[in-house]
Amino acid sequence: MYSKYLIGEINADFFDDDTLDDMATSNRQEYRKDDERFIALKQFVQDELKYIQGKWTELRNESGEEKARELLPVIDTWCKSLQGDDKKYAKKMFGKINQIVADDDKKKEILKFSVLAFEKLKYAKHLSAIDNIEAENFEVFKDIFTGLDEIEATLYYQIIRERIEVIKVFQSITDENALEKVIQTHLFNHLWLLDPSWERVENTQYMETTVLNALNSEYNSLTSEEKAGRLDVGYRQTAGKHIIIELKRADRIVTTSEMIKQVKKYHDALNKVLSAIYQTNYSFEILFVLGRPIDNNDSIENRELVANILKPMNARVVYYQELIENAYKAYNEYIAANKQSQPLIDMFSQLESSMDD
């Protein structure tokens, strides 16, 4: 602490001014603390200490960040990624660490868990908590944030909460026509609705445009009824595979033969495009999102029959309501499981709620 390094003397000769009343107590061991001269000196010292502390903190913050970047190069990269107030709070954090730790190995250990703690507070929008932590108590972070797994769990928890909000929007819609429009808006950019492991891959716009042009060229060969029944078609790359998704209108009834015919057209179109760019060894999947059962037959036997017919062609059917229910179930179970095994997530949720209030 800065106070441990203070050294010097104070010349206050006015304490012994013979023209003024004697400040000493009767035992001559102390000064009267209610005397104006004593009060003035005390205020002067407090102001000076405050100034020194401010300059000390500023210098320690600067040297703390430099030392952290030097000890752990990865922190240099991390610091460069910070923006705005995040940079300011990170500098404060490094400064406090710099005040309490001299040993480099010990400092490395504290830096590691402190950066994790910082990330946790940042995503909780609670970085101001760093202001309230005294340097001598800074190691309390270690008892609260113990590893990267907890940070990952917290970030994943945030993603899941956002996804459940999307699913709830679907669940609140009972009108079929409204539902198909909402699904159309969200589905192609939220592949996790179809499979929790699927994410949108960035920088695939050129490929998407190329494949969609090929798929849409098949549109002219559709019958008027088929054209009217197709709401949208999309292509995405994810999880190491190419995925074609056709979204049918909610009231459209598709026959098994029609489904097989379209699967073949999509497969041929995709194969043609990928062969042209020398991607002959690829994995693909074709999904049809429907509102009505195939052949208008919702029996278990017919569903199994259709699934078995489509499986060799890497195709399958997903129904509107099943899509929503399965997605909600997958993410809701994750949250329930983690609330039991990850107390940190509960704490994070409470932090969010308190900030919302």
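Only a predicted model underlies this, so the values are computations on that prediction, with no experimental measurement involved.
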Can you list every pair that meets salt bridge (Lys or Arg N to Asp or Glu O under 4.0 Å) and has a residue in residues 10-23, with sequence neighbours left out?
->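 Only D22-R28 qualify under salt bridge (Lys or Arg N to Asp or Glu O under 4.0 Å).
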
So that I can tick it off, tell me whether [Y] and [X] are bridged by a salt bridge, with the cut-off set at under 4.0 angstrom between side-chain N and carboxylate O.
X	Y	answer
E322	K329	no
E304	K311	no
R303	D298	yes

State whether the number of non-hydrogen atoms from other residues, nucleotides or ligands found under 6.0 Å of [X] atom [atom1] is greater than 12.
X	atom1	value
F44	CZ	no
E36	CD	no
K55	NZ	no

With a 4.5 Å limit on heavy-atom distance, are the side chains of [X] and [Y] in contact?
X	Y	result
V289	L187	yes
N326	Y319	no
I245	L191	yes
D85	K88	yes
L49	L6	yes

In one Ile/Leu/Val/Met/Phe/Trp/Tyr side-chain cluster, 4.5 Å: [X], [Y]:
X	Y	answer
W192	V169	yes
V166	V182	yes
I10	I52	yes

Return the [atom1] to [atom2] distance between [X] and [Y], rounded to the nearest 0.5 Å.
X	Y	atom1	atom2	answer
L323	I167	CG	CD1	8.5 Å
I294	K248	CD1	NZ	10.0 Å
L287	I244	CG	CD1	10.0 Å
R252	N296	CZ	CG	12.0 Å
K87	K91	NZ	NZ	8.5 Å
F288	L310	CZ	CG	7.5 Å

Provide the closest heavy-atom pair for E258 versus I253 in the form atom of the first, atom of the second, distance.
->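 Between these two residues, the closest heavy atoms are OE1-O, 4.5 Å.
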
Indicate the atoms forming the closest heavy-atom contact of F284 with M313, along with that distance.
->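 So the minimum-distance heavy-atom pair works out to CE1-O, 3.6 Å.
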
With sequence neighbours excluded, tell me which residues meet side-chain contact (heavy atoms from CB on, under 4.5 Å) with F15.
->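 If we apply the side-chain contact (heavy atoms from CB on, under 4.5 Å) test to F15, skipping adjacent residues, the hits are A12, M23, Y31, R37, F38, L41.
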
Polar side chain donor-acceptor pair, T255 to D295, under 3.5 angstrom =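 Distance-only check fails for T255 and D295.
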
Do we see a donor-acceptor contact under 3.5 Å between the side chains of D47 and Q43?
->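 Indeed, the side chains of D47 and Q43 share at least one donor-acceptor pair under 3.5 Å.
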
What do the steps show when you test E48 against V45 for side-chain contact (heavy atoms from CB on, under 4.5 Å), and what is the final call?
-> CA-CA 5 Å; E48 286 300 303; V45 171; 5.7 Å; no

Determine the sole option in V317, V306, I309, I286 for which the side chain to side chain contact (heavy atoms under 4.5 Å, CB included) test with M259 is passed.
->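 For M259, the side chain to side chain contact (heavy atoms under 4.5 Å, CB included) check succeeds only for V317.
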
